[in-house]
K.L.:
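Input: one structure, supplied below.
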Amino acid sequence: MEIDLQTLIFEFIGGLGIFLLGIKYMGEGLQKSAGDRLRNILDKFTSNPFMGVLAGIIVTILIQSSSGTTVLTVGLVNAGFMTFRQAIGVIMGANIGTTVTAFIIGIDIGEYALPIIAIGCFLLFFFKNTLVNAVGQTVFGFGALFFGLELMSSGMSPLRTLDSFQQLTVNMSESPILGVVIGTVFTLIVQSSSATIGILQGLFAEGAIELKAAIPVLFGDNLGTTITAVLASIGASVAAKRAAYTHVIFNLVGATIFIVFLGFFTQFIAYLQGQFDLNEEMTIAFAHGTFNLTNTIIQFPFIGALAWLVTKIIPGEDTVVEYKPKHLDPIFIQQSSTLALDQAKAEIIRMGEYAYQGLEETNLYLNNHSPKHSEIAMQVEGALNNLDTKITDYLVNISAGSLTEIESGKHTGLMNVVRDIERIGDHFENIIELIDYKISNKVNLTDKANEDLNEMFDLTIDTVKQAIRALDKSDREEALAVVQKEDEIDKMERSFRKKHIIRMNEGLCSGSAGIVFVDIISNLERIGDHAVNIAEEVLGEE
């Protein structure tokens, strides 16, 4: 039989592309339908490792990516919302959740793929409602997933007649490790274990591969998807690295156990296939699901040991940015509004300390371009936004009671300070975006421009620190010093702007470098203004 190699390759790679697009669209559509609830699911349901596993399953089903769930989890560990041990439960759950795609593929509705795509497009293009659009995107992704699979299957069907392919599957049957390696490498290439499993389901359905050869490839898929997280964690925080390596160890241990009992496991899956009259795709889905579920059950009691091992492999203290407020106890509002205002002030001081920590990290990012610093600064910015909401709500609840004139003045002052600190976060976020632009567009600043920026950064950080100190101690001397420093910042901004125009006229720096420089110093100048606003609240406390 003559094999048309071009058609085989085109149908396979085209089908793979449509399949990956389908998974991406389906995940994004589900995510939009769920809104911000994903983060809340992970935050609320991770009180213990078992609940963590359930949360991991739910979120992975919703976003169709175990790596995506791991990344979300790392963010929550960094933000102090969950401990590393709870995160391990979520990662285990993510492994189970990712098997759902294989079960979806096992439902034989490939011939309805095109009408499903049409329904999805109809919901996407003919409705203005965002929720209907999100559902449309999910349905479109669902249809594209099956259409891609159909294309891949028809591309792969001639493979079973190829001698070299038959020889490869024979080798895989005899040497399971080869199957594991092939699964790992292929998943690494396409960056999606669901895609590799979809291909495996297609090959098995076409009779191009035996069950005994297919199952080790499944184990390899699971290993391949963990390497994505490891690559993503390079240069990231300690928590990100630990979560990635936990994923690797968890799947590596699982694959090792199952390779040892491969004969028994293959017989068990063949038995299930016969008992439940499963089609080929569903047989692979059952093998995948059974592997991940059993692996989780086996390793679940050893979560503590796994956490200990990973902490030993990746030592070091992690910088945890606590999103949650520490001082806002509602009981004080009932007891005494003065006490409650003191609590709110203590939380605002903590928020202020974050503001200058974020500024310091931004300055470090400017100088060494290490993504670790921008990551921490953006976490701080997230914490500032969260604390802004929580403190403002707390202050609104205080004002619902009866306040004396002095308390009322203090209350208004604190409301203003919260807004100013939150705005400082917005400005250093702007600066990070400018540095990102500078890095990605290879914009070079002159040595003199870098010196000027660092000088202005140092002065601005000092000013913000002093403003928070003045607020903490209600110290008028400190507050007056802030006002003076802010004058210096203004003068510095004007002088640096002029020097910069001279540099541009002399052809020493480019236009794009000029824009980056001017925007950074104007953001720093605005941060100085917010520091003065805080100082003026202190000076106004008579």
Side-chain angles (χ1 to χ4, degrees), residues 7-33 38 59-72 94-95 97-110 112-114 116-121 124 134-157 159 182-206 214 217-218 220-232 247 281 284-285 288 292:
T7 309
L8 187 150
I9 292 170
F10 282 10
E11 283 191 347
F12 177 73
I13 59 172
L16 179 62
I18 293 169
F19 179 87
L20 290 171
L21 178 78
I23 284 190
K24 184 173 186 287
Y25 253 61
M26 197 162 124
E28 281 176 5
L30 285 164
Q31 232 169 321
K32 283 177 191 165
S33 316
L38 292 178
V59 172
T60 308
I61 290 170
L62 287 176
I63 63 176
Q64 290 291 300
S65 162
S66 56
S67 309
T69 306
T70 307
V71 170
L72 265 176
N95 262 21
T98 198
T99 63
V100 168
T101 317
F103 281 102
I104 291 170
I105 293 166
I107 306 161
D108 192 14
I109 53 170
Y112 304 110
L114 290 171
I116 293 171
I117 289 175
I119 293 166
C121 285
L124 262 174
V135 172
Q137 193 175 339
T138 309
V139 173
F140 174 84
F142 188 65
L145 184 146
F146 281 103
F147 185 58
L149 271 174
E150 289 286 299
L151 273 178
M152 280 197 290
S153 288
S154 65
M156 289 184 299
S157 59
L159 281 180
I182 288 172
T184 306
V185 171
F186 199 76
T187 305
L188 254 182
I189 293 166
V190 296
Q191 295 282 297
S192 164
S193 61
S194 300
T196 323
I197 288 157
I199 292 163
L200 193 64
Q201 286 171 301
L203 285 170
F204 188 53
E206 293 290 344
V217 180
L218 276 182
D221 294 342
N222 273 22
L223 281 177
T225 198
T226 64
I227 295 166
T228 314
V230 171
L231 294 174
H247 206 176
E281 287 93 345
I284 296 290
H288 192 209
N292 278 317

K.L.:
Just jot down the side chain to side chain contact (heavy atoms under 4.5 Å, CB included) partners of Ile104, sequence neighbours excluded, or say none.
P.N.:
Met26, Val100, Phe142, Phe146
K.L.:
Heavy atoms only: give me the nearest Gly141-Tyr25 pair and the separation to one decimal.
P.N.:
CA-CB, 3.9 Å
K.L.:
With sequence neighbours excluded, what pairs up with His247 under the side-chain hydrogen bond (donor to acceptor under 3.5 Å, both in side chains) test?
P.N.:
Asn95
K.L.:
Does Thr101 have any side chain to side chain contact (heavy atoms under 4.5 Å, CB included) partners at least two apart in sequence or in another chain, and if so, which?
P.N.:
Ile23, Gln64, Ile105, Leu145, Ser194
K.L.:
Donor-acceptor pairs under 3.5 angstrom involving side-chain atoms of residues 10-19: please list them, not counting sequence neighbours.
P.N.:
{"unit_1": "Glu11", "atom_1": "OE1", "unit_2": "Ser154", "atom_2": "OG", "d": "2.8"}
{"unit_1": "Glu11", "atom_1": "OE1", "unit_2": "Gly155", "atom_2": "N", "d": "3.2"}

K.L.:
Identify, with sequence neighbours excluded, every residue that meets side chain to side chain contact (heavy atoms under 4.5 Å, CB included) alongside Thr196.
P.N.:
Phe186, Thr187, Val190, Asp221
K.L.:
Output, in order, the C-alpha distance, side-chain angles, deciding distance and verdict of side chain to side chain contact (heavy atoms under 4.5 Å, CB included) for Asn222 and Leu218.
P.N.:
CA-CA 7 Å; Asn222 273 22; Leu218 276 182; over 6 Å; no
K.L.:
Would you name the heavy atoms of Gly106 and Gln201 that are closest together and state the gap between them?
P.N.:
N-NE2, 4.2 Å
K.L.:
Sub-3.5 Å donor-acceptor pair from the side chain of Glu281 to the main-chain atoms of Gly202, do we have one?
P.N.:
no
K.L.:
Identify, with sequence neighbours excluded, every residue that meets ring-ring contact (aromatic ring centres under 6.0 Å, His included) alongside Tyr112.
P.N.:
none
K.L.:
Got a sec, which residues hit side chain to side chain contact (heavy atoms under 4.5 Å, CB included) with Ala214, two or more places apart in sequence or on another chain?
P.N.:
Leu200, Ile209, Ile284
K.L.:
Ignoring hydrogens, what is the shortest heavy-atom contact between Ala144 and Gly22? Give both atom names and the distance.
P.N.:
CB-CA, 3.7 Å
K.L.:
Quick one: side-chain hydrogen bond (donor to acceptor under 3.5 Å, both in side chains) partners of Thr69, sequence neighbours excluded?
P.N.:
Thr60
K.L.:
Before you tell me yes or no, could you show the steps for Phe103 and Ile107 under side chain to side chain contact (heavy atoms under 4.5 Å, CB included), namely the whole-Å CA-CA distance, both residues' side-chain angles and the distance that decides it to 0.1 Å?
P.N.:
CA-CA 7 Å; Phe103 281 102; Ile107 306 161; over 6 Å; no
K.L.:
Starting at CZ of Phe147, measure out to CG of Leu114 and round the result to the nearest 0.5 Å.
P.N.:
5.0 Å
K.L.:
Taking only residues at least two apart or on different chains, which pairs with a member in residues 134-143 satisfy side chain to side chain donor-acceptor pair (under 3.5 Å)?
P.N.:
Glu28-Gln137, Lys32-Gln137
K.L.:
Output the distance between atom OG1 (Thr184) and atom CG (Leu223), rounded to the nearest 0.5 Å.
P.N.:
4.5 Å
